[in-house]
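Just so it is clear, the model here is predicted, and its values are computed rather than measured.
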Amino acid sequence: QVQLVESGGGLVQPGGSLRLSCVASGSSVSIYPMSWHRQAPGKQRELVATITTGGNTNYADSVKGRFIISRDNAKNTVYLQLNSLKPEDTAVYYCKQVRPFYNYWGQGTQVTVSS
């Protein structure tokens with residue numbers, strides 16, 4: 001059974017940084033695309049960043065230049081480095097394994113950006 005577990009969220013001041021981790025079990029993070037999404041209160045879940053099996057990355061315009069998605073195959077972990085954080089980045093962040101017919105989601109980790 002595939003399980004994704006996120007961690008690394010917390011409370012940070014504007015301009016600060018966090019690194020989120022998504023550890024996978026039951027499946028490899030290198031054989032399917034992986035992505036990070038976020039959902040703020042009262043808003044729809046949105047795509048933040050994606051990393052393909054070949055290592056190509058894509059970002060939402062709102063985080064481009066500030067966030068970095070990466071993958072460590074040996075640790076079976078996907079990361080999201082969050083830099084220059086803004087209050088509007090406050091949300092629950094989820095990782096997802098993208099499969100042809102079914103996607104697996106983690107339980108999410110809360111990121112709060114506030115002074």
Hey, could you give me the CG/OG distance between Asn58 and Ser35, rounded to the nearest 0.5 Å? 11.0 Å
Could you go through Val111 and Arg38, starting from their C-alpha distance and side-chain angles, then the distance that decides it, and tell me whether this counts as side-chain contact (heavy atoms from CB on, under 4.5 Å)? CA-CA 9 Å; Val111 172; Arg38 67 185 181 186; over 6 Å; no
Salt-bridge contact Lys86-Asp89 (side-chain N to carboxylate O under 4.0 Å): no
Distance-only, no hydrogens or angles: does the Gln107 side chain make a donor-acceptor pair with backbone N or O of Glu6 under 3.5 Å? yes
Ile69 vs Thr50, test: side-chain contact (heavy atoms from CB on, under 4.5 Å). Steps then yes/no. CA-CA 7 Å; Ile69 187 171; Thr50 300; 5.5 Å; no
Summary of ring pair (Phe, Tyr, Trp, His ring centres under 6.0 Å) pairs that have at least one residue in residues 45-103, sequence neighbours excluded: Tyr102-Tyr104
Restricting to non-hydrogen atoms, name the atom on Ser30 and the atom on Asn73 that form the minimum distance, rounded to 0.1 Å. CB-OD1, 3.3 Å
If you count heavy atoms of other groups shown closer than 6.0 angstrom to NZ of Lys43, is the number above 12? no
Besides Ile31, the hydrophobic cluster formed by Ile, Leu, Val, Met, Phe, Trp and Tyr side chains linked at under 4.5 Å, directly or via other members, contains Tyr32
With the side chain counted from C-beta on, respond yes when Val78 and Cys95 share a heavy-atom pair under 4.5 Å apart, and no when they do not. no
Any heavy-atom pair between the side chains of Gln110 and Thr90 that's under 4.5 Å? yes
Nearest heavy-atom contact between Asn103 and Val98 is OD1-CA, 3.3 Å
Show your reasoning for whether side-chain contact (heavy atoms from CB on, under 4.5 Å) applies to Val113 and Glu88. CA-CA 8 Å; Val113 185; Glu88 51 264 42; over 6 Å; no
Measure the spacing between OG1 of Thr112 and CD of Gln13 and express it to the nearest 0.5 Å. 13.0 Å
Give me the atom names and distance for the closest heavy-atom approach of Arg66 to Leu85. NH1-CA, 3.9 Å
With hydrophobic residues grouped by side-chain heavy-atom distances under 4.5 Å, do Leu80 and Val92 end up in a single group? no
Give the table of side-chain donor-acceptor pairs shorter than 3.5 Å for residues 17-26, with sequence neighbours excluded, one pair per line with atom names and distance.
from	atom 1	to	atom 2	distance (Å)
Ser17	OG	Asn83	OD1	3.1

Nearest heavy-atom neighbours spanning Ser115 and Pro14: N-CD, 3.7 Å
Here the pair of heavy atoms bringing Arg71 nearest to Gly55 is NH2-N, 4.0 Å
Ala91 backbone acceptor or donor facing Gln39 side chain under 3.5 Å: no
Value for OG (Ser62) from CG (Leu47), rounded to nearest 0.5 Å, stands at 9.5 Å
